[in-house]
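Below: the structure, in structure tokens.
Just so you know, residue 1 is the first one in the sequence shown, and it goes up from there. All values reported here derive from a predicted model rather than from experimental measurement.
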Amino acid sequence: MPVAEPTAAVPLTWQPPAGALWSGRWVDGKSSIPVHDPEDGSFLGEVTDAGAAEVDEAVTGVAKAIAAGESWPAWRRREALDAAAQLILDRRELLTEVISREGCKTVREADSEVSRAAETLRLSAQQGGFLTGETLPFSDTPRGHDRLGWYTREPVGVVAAITPFNDPLNLVAHKMGPALIAGNGIVLKPAEATPLTALAFAQILLDAGVPADRFAVVPGTGSSAGRALVGHPLVDLVSFTGGYRTGNEVARTAGAKKTLMELGGNNAVLVLADADRELAARAVVAGAFGVAGQNCLSVQRVFVDARIAIPFTEDVVKATEALTVGSKADPRTDVGPLVNEREARRVEEWVREARDNGAEMLAGGRRDGAFHWPTVLSGVPADAMLMTDEVFGPVLTIEPFDTVDEAIARANNTPYGLQAGVFTAGLDTALDVAERLRVGAVMVNDSSDFRIDAMPFGGPGRSGVGREGVRYAVEAMTEPKIIAVRRRRE
């Protein structure tokens, strides 16, 4: 595989005014967390390491703003989010730098995320016109005589949001946009690895006219800031994106609160005998190794009809070996580092486990610090970690099948169910496979790694609770409120 040369570390162009934002102002907490570039370990800046008392101040401030603050009508919310969407595009260069430097995305991937985040805010702004209810059929029962009524959708109150490192701008937008357009307040704890992007986003919201007391950003650890935020008695809904194990901790800590959680996937792609083989190979490689596989939608398991398995696998291996691994700053780079060396070592251990139990490595397998080269394996045992759990790294398994029924059964043999893909020329076959796959979304003639931000997003099993996607998050972050009137007749 080609290797891009490393570039010399340079200081980050942008720094936040302070390490956190709460109670309507930029503040520095009592302690701080350093932020480093995972590629070379260079120091980028520091942010607040919020503790329980600071989280309490942030949540209480947002709750007070909602309860006693000035009205912020829907039309003003819509205008502010539209303005924020434009500011994201205006500050594309700055945001691309911050996303790529503190995270794991190449500059091309970071630039693409900027566009996605602007679209997410635009879609959020549009939902201001759909915060409607409907009349209720009181006349349909004798007990409803002389009554009329309707319901409206009202904000839940204070939303606690916790976001991961792999999409540090767009997933923040997916929490903040729906929460704010619905009229809520929101307190965000960004991933420990990528807090600077969230603070840059906060500055954009302020510049766009979002009231400073309506939201807060409290960087910190999950065990301290995250736990305090999720368990705070003034929080009405928790929106969390992350891993299944952490999701269980979030649920336990939140208690009897509304939750909205996307918890990952172990996504399968089925390639049938009549598929466009070259199209499928290209899509699988792109879907498996984008963001170094650190994507909940990444292709992890491929099941291919035995009749085309050999040429298809050769196509995938050839395309994988053509990928350029190296510096995120180099526009030629296809695959950058994992979020840290610890995660790269974990991926390396999962690959070693599969090989020790009989798997054949067809490409990759190399690790250097936080970099793990795109890896393709076959003959992976069904009980190996690579088959049962979410690898969240640049590893792809390819296994042949004899019948479509067998492929569907093997694809469903996981506790996750986020998305899947199927490649076939037959429409009826595609619809049959899609109906039988136990996932939240099936992409026909595309990989599992496809999403538009208007889609309902989530899946059964370990993949989460509820659905994200702008419209569906707005629904989750609002509640129906009924008004019933008894008419007085002379």
Side-chain angles (χ1 to χ4, degrees), residues 1-3 106 109 265-295 297-325 333-336 347-348 350-351 354-355 358-367 371-382 384-387 390-402 404 406-408 410-411 414 419-425 430 433 437 442-450:
M1 296 179 190
V3 179
T106 67
E109 291 168 336
N266 180 354
N267 307 299
V269 168
L270 280 60
V271 183
L272 278 54
D274 63 349
D276 182 330
R277 200 185 75 214
E278 293 182 359
L279 171 67
R282 288 196 304 270
V284 161
V285 170
F289 302 126
V291 201
Q294 298 164 113
N295 181 355
L297 294 179
S298 290
V299 181
Q300 185 169 331
R301 300 171 298 141
V302 175
F303 300 101
V304 55
D305 191 293
R307 289 170 287 181
I308 63 168
I310 291 176
F312 172 80
T313 302
E314 290 173 347
D315 290 343
V316 169
V317 170
K318 181 179 179 181
T320 299
E321 291 179 335
L323 296 172
T324 298
V325 179
T333 295
D334 299 303
V335 180
V347 172
E348 183 181 42
W350 285 26
V351 171
R355 294 189 70 193
E360 179 185 2
M361 189 161 66
L362 305 176
R366 174 184 169 190
R367 184 189 67 80
F371 288 86
H372 193 289
W373 266 245
T375 299
V376 181
L377 300 103
S378 65
V380 178
M385 293 288 285
L386 291 176
M387 299 298 281
E390 180 180 34
V391 64
F392 222 66
V395 181
L396 176 68
T397 68
I398 302 179
E399 305 297 334
F401 66 81
D402 293 319
V404 174
E406 173 198 346
I408 293 171
R410 293 169 72 181
T414 173
Q419 294 195 174
V422 56
F423 286 85
T424 177
V433 171
L437 287 171
V442 178
M443 304 298 128
V444 177
N445 291 325
D446 210 339
S447 82
S448 61
D449 185 28
F450 176 79

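- Here D276 contributes atom CG and R282 contributes atom CZ; the two are 7.0 Å apart, rounded to the nearest 0.5 Å.
- Between the side chain of T375 and the backbone N or O of G365, at least one donor-acceptor pair lies under 3.5 Å.
- At most 12 non-hydrogen atoms from other residues, nucleotides or ligands lie less than 6.0 angstrom from CD1 of I310.
- Listed by chain and number, the residues in a side-chain hydrogen bond (donor to acceptor under 3.5 Å, both in side chains) with Q294 amount to none (sequence neighbours excluded).
- Between F289 and V325, every side-chain heavy-atom pair lies at or beyond the 4.5 Å cut-off.
- A donor-acceptor contact shorter than 3.5 Å links the side chain of Q419 to the backbone of F450.
- Of the inter-residue distances, the one linking D449 atom CG with N295 atom CG reads 4.5 Å to the nearest 0.5 angstrom.
- For the pair V271/I308, a side-chain contact is recorded, criterion being any heavy-atom separation below 4.5 Å from C-beta on.
- By the side chain to side chain contact (heavy atoms under 4.5 Å, CB included) test, A411 is found to be paired with A268, L270, F303, L437, residues two or more places apart in sequence or in another chain being considered.
- Residues satisfying the side-chain hydrogen bond (donor to acceptor under 3.5 Å, both in side chains) criterion with D446, sequence neighbours excluded, are absent altogether.
- In terms of heavy atoms, A283 sits closest to S447 at O-CB, 3.6 Å.
- Between M387 and A382, the closest heavy-atom pair is CB-O, 3.6 Å.
- R410 meets the salt bridge (Lys or Arg N to Asp or Glu O under 4.0 Å) test with E406; sequence neighbours excluded.
- For the side chain to side chain contact (heavy atoms under 4.5 Å, CB included) test, residues two or more places apart in sequence or in another chain that qualify with A319 are V285.
- Partners of E278 by salt bridge (Lys or Arg N to Asp or Glu O under 4.0 Å), not counting sequence neighbours: none found.
- For D315, the salt bridge (Lys or Arg N to Asp or Glu O under 4.0 Å) test picks out R277, with sequence neighbours left out.
- Residue pairs meeting the salt bridge (charged side-chain N to carboxylate O under 4.0 Å, His left out) criterion with at least one partner in residues 299-309, sequence neighbours excluded, are D305-R307.
- For T424, the side chain to side chain contact (heavy atoms under 4.5 Å, CB included) partners are L272, D274, V422, T429, A430, not counting sequence neighbours.
- For N445, the side chain to side chain contact (heavy atoms under 4.5 Å, CB included) partners are F423, not counting sequence neighbours.
- Across every non-hydrogen atom of G364 and W373, the tightest pair is CA-CB, 4.4 Å.
- In this structure, G336 and A292 approach most closely via the heavy-atom pair O-CB, 3.6 Å.
- Residues meeting the salt bridge (Lys or Arg N to Asp or Glu O under 4.0 Å) test with D334, sequence neighbours left out: R108.
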Let me have the donor-acceptor pairs involving side chains of residues 392-400, under 3.5 Å, with sequence neighbours excluded, atom names and distances please.
from: T397; atom 1: OG1; to: Q300; atom 2: O; distance (Å): 3.3
from: E399; atom 1: OE1; to: G379; atom 2: N; distance (Å): 3.2
from: E399; atom 1: OE2; to: G379; atom 2: N; distance (Å): 2.9
from: E399; atom 1: OE2; to: V380; atom 2: N; distance (Å): 2.9

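- For the pair A363 and T320, the tightest heavy-atom approach, listed with the atom from each and the gap, is CB-CG2, 4.3 Å.
- Listed here is the closest heavy atom pair of L386 and V351: CD1-CA, 4.2 Å.
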